[in-house]
Amino acid sequence: MGSAGATRERILEQGLALMSQAGLSGVTIGVLADQAGMSKSGLFAHFKSKDEVQIGLLDYMAQFANQRVVLPAMSRPEGLPRLEALVRNWFGWAQRAGLPGGCPVAAGFFEYDDIESPVRDKILAMEGEWRGLLTQLVERAVELGHLRKDLDVEQFIWELSGIYLGHHAAHRFLRAKDADQRAKHAVQSLIERSLPAPGTRRRAVRSG
């Protein structure tokens with residue numbers, strides 16, 4: 001990696017930490033330049049606008065999270081074990097990855113719910129890709145007989161996403177000590193309601 005690439009990487013690393021704590025709106029050219037130890041003009045050599053900075057940080061966050069959330073889960077057996085592994089990795093991933101705050105995308109839902117901008121479009125696209133991945137994994141679990149055949153997949157993902165956002169709010173805003181426990185219980189309840197009737201499952205699926 002050349003010096004320009006190394007500088008950009010340092011900017012993105014500093015920006016991700018800042019974004020996780022201060023939200024996307026807290027990532028400005030001036031603040032990020034201070035965090036990265038450079039001038040505004042130096043930062044403009046890599047990013048031309050605040051929107052470009054924030055979109056670049058969202059792309060960087062996606063790569064960062066993919067290494068810690070998605071790829072480890074993909075090593076698990078297909079079906080419910082893989083889905084359960086992904087969910088375990090997803091909930092609380094930012095803290096486990098050493099970020100000082102929470103998930104920037106979850107926070108972005110509330111920051112940009114009423115703001116039309118390229119950053120909102122980026123968050124929307126990322127959420128669509130994520131739900132697409134969840135849909136694939138849930139549908140595969142249904143195909144393998146790990147989840148019941150008449151499962152409403154969209155409703156399952158709707159409830160799962162709601163649990164994630166509830167966990168985010170309880171952990172970050174309410175600072176509830178039982179946030180992890182309650183989220184885990186909610187996910188387990190959702191999965192248990194989605195299992196086939198006893199005796200109809202085609203294979204053992206406990207993931208350990």
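From Ser194, atom OG reaches atom CZ of Arg148 across 5.5 Å, with rounding to the nearest 0.5 Å. Atom-to-atom distance recorded for Gln35:CD and Thr28:OG1 is 9.5 Å, nearest 0.5 angstrom. Here CD of Gln155 is found 11.5 Å from CG of Leu160. Values are rounded to the nearest 0.5 Å. Distance check: Glu52 CD to Leu57 CG gives 11.0 Å after rounding to the nearest 0.5 Å. Rounding to the nearest 0.5 Å places CD of Glu116 at 7.0 Å from CG of Asp121.
Side chains of Pro118 and Lys122 form no contact here, defined as non-hydrogen atoms less than 4.5 Å apart. Using a 4.5 Å heavy-atom threshold, the side chains of Gln63 and Asn66 count as separate. Side-chain contact between Asp59 and Leu12: absent, with no pair of heavy atoms (C-beta onward) separated by less than 4.5 Å. The side-chain heavy atoms of Cys103 and Ser20, taken from C-beta on, include no pair separated by under 4.5 Å. Looking only at side-chain heavy atoms (C-beta outward), Leu80 and Leu195 come within less than 4.5 Å of each other. Between Ile191 and Glu84, the closest side-chain pair of non-hydrogen atoms falls below 4.5 Å. Between Glu13 and Tyr60, some side-chain heavy-atom pair lies under the 4.5 Å cut-off. In this structure, Leu134 and Trp130 have side chains that are in contact, with non-hydrogen atoms separated by less than 4.5 Å.
Transitive grouping of hydrophobic side chains (ILVMFWY, heavy atoms separated by less than 4.5 Å) brings Leu133 and Phe156 into a common cluster. Under a hydrophobic-cluster definition in which Ile, Leu, Val, Met, Phe, Trp and Tyr are linked whenever side-chain heavy atoms come within less than 4.5 Å, directly or via other members, Ile55 and Phe44 are assigned to the same cluster. Under a hydrophobic clustering in which Ile, Leu, Val, Met, Phe, Trp and Tyr are joined whenever their side-chain heavy atoms come within less than 4.5 Å, directly or via other members, Leu137 and Leu71 fall into different clusters. Under a hydrophobic clustering in which Ile, Leu, Val, Met, Phe, Trp and Tyr are joined whenever their side-chain heavy atoms come within less than 4.5 Å, directly or via other members, Phe110 and Ile123 fall into the same cluster. The cluster map of Ile, Leu, Val, Met, Phe, Trp and Tyr, joined by side-chain heavy atoms under 4.5 Å apart, puts Ile29 and Val31 in the same cluster.
Put simply, the side chain of Arg96 gets close to the backbone of Asn89: a donor and an acceptor are under 3.5 Å apart. Judged by distance alone, with hydrogens and angles left aside, the side-chain atoms of Arg120 form a donor-acceptor pair with the main-chain N or O of Tyr112 at under 3.5 Å. Under a 3.5 Å cut-off, the side chain of Arg131 and the backbone N or O of Trp158 do not form any donor-acceptor pair. With hydrogens and angles disregarded, no donor-acceptor distance shorter than 3.5 Å links the side chain of Arg76 to the backbone of Pro72. Looking only at distances, a side-chain donor or acceptor of Glu111 sits under 3.5 Å from a matching main-chain atom of Ser25. Of the possible polar contacts, none joining the Asp178 side chain to the Gln181 backbone as a donor-acceptor pair under 3.5 Å is found.
For Lys184, the NZ atom is loosely surrounded, since the number of other residues' heavy atoms within 6.0 Å does not exceed 12. Within 6.0 Å of CD on Glu154 lie no more than 12 heavy atoms contributed by other residues, nucleotides or ligands. Under a cut-off of 6.0 angstrom, the local environment of CZ in Arg182 is sparse, with at most 12 non-hydrogen atoms contributed by other residues, nucleotides or ligands.
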Checking Met126 against Met61 for the side chain to side chain contact (heavy atoms under 4.5 Å, CB included) test, could you report, in this order, the C-alpha distance in whole Å, the side-chain angles of both residues, the deciding distance, and whether it holds? CA-CA 11 Å; Met126 293 174 70; Met61 186 221 75; 3.7 Å; yes
When you look at Leu86 and Arg82, which way does the side chain to side chain contact (heavy atoms under 4.5 Å, CB included) test go after all the steps? CA-CA 6 Å; Leu86 184 75; Arg82 186 172 294 181; 5.8 Å; no
Can you list the steps and then say if Val87 with Tyr164 is a side chain to side chain contact (heavy atoms under 4.5 Å, CB included)? CA-CA 9 Å; Val87 171; Tyr164 180 79; over 6 Å; no
Go through it in stages, so that I can follow the logic: the residues are Asp150 and Val142, the test is side chain to side chain contact (heavy atoms under 4.5 Å, CB included), and I'd like the CA-CA distance, side-chain angles, deciding distance and then a yes or no. CA-CA 9 Å; Asp150 64 346; Val142 171; over 6 Å; no
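Look at Glu159 and Arg193 and you find a salt bridge, because one of the NZ, NE, NH1 or NH2 atoms lies within 4.0 Å of a carboxylate O, short of that distance.
Contact record, Phe109 with Glu127: CZ-OE1, 3.2 Å, taken as the closest heavy-atom pair. When all heavy atoms are compared, the tightest approach of Leu16 to Pro104 is CD1-CG, 4.4 Å. Between His46 and Arg8, the closest heavy-atom pair is O-NH1, 3.3 Å. Counting all heavy atoms, side chain and backbone alike, Leu43 lies closest to Ala33 at CD2-N, 3.9 Å. Scanning both residues, Leu32 and Gln14, for their nearest heavy atoms gives CD1-C, 4.2 Å. Considering all non-hydrogen atoms of both residues, Gln54 and Leu24 come closest at NE2-O, 2.6 Å.
Phe173 does not carry Arg175 over the face of its six-membered ring by the limits of under 6.0 Å from the centre and within 45° of the normal.
For the residue pair His171 / Asp180, no side-chain donor-acceptor distance below 3.5 Å is found, with atom types taken as modelled.
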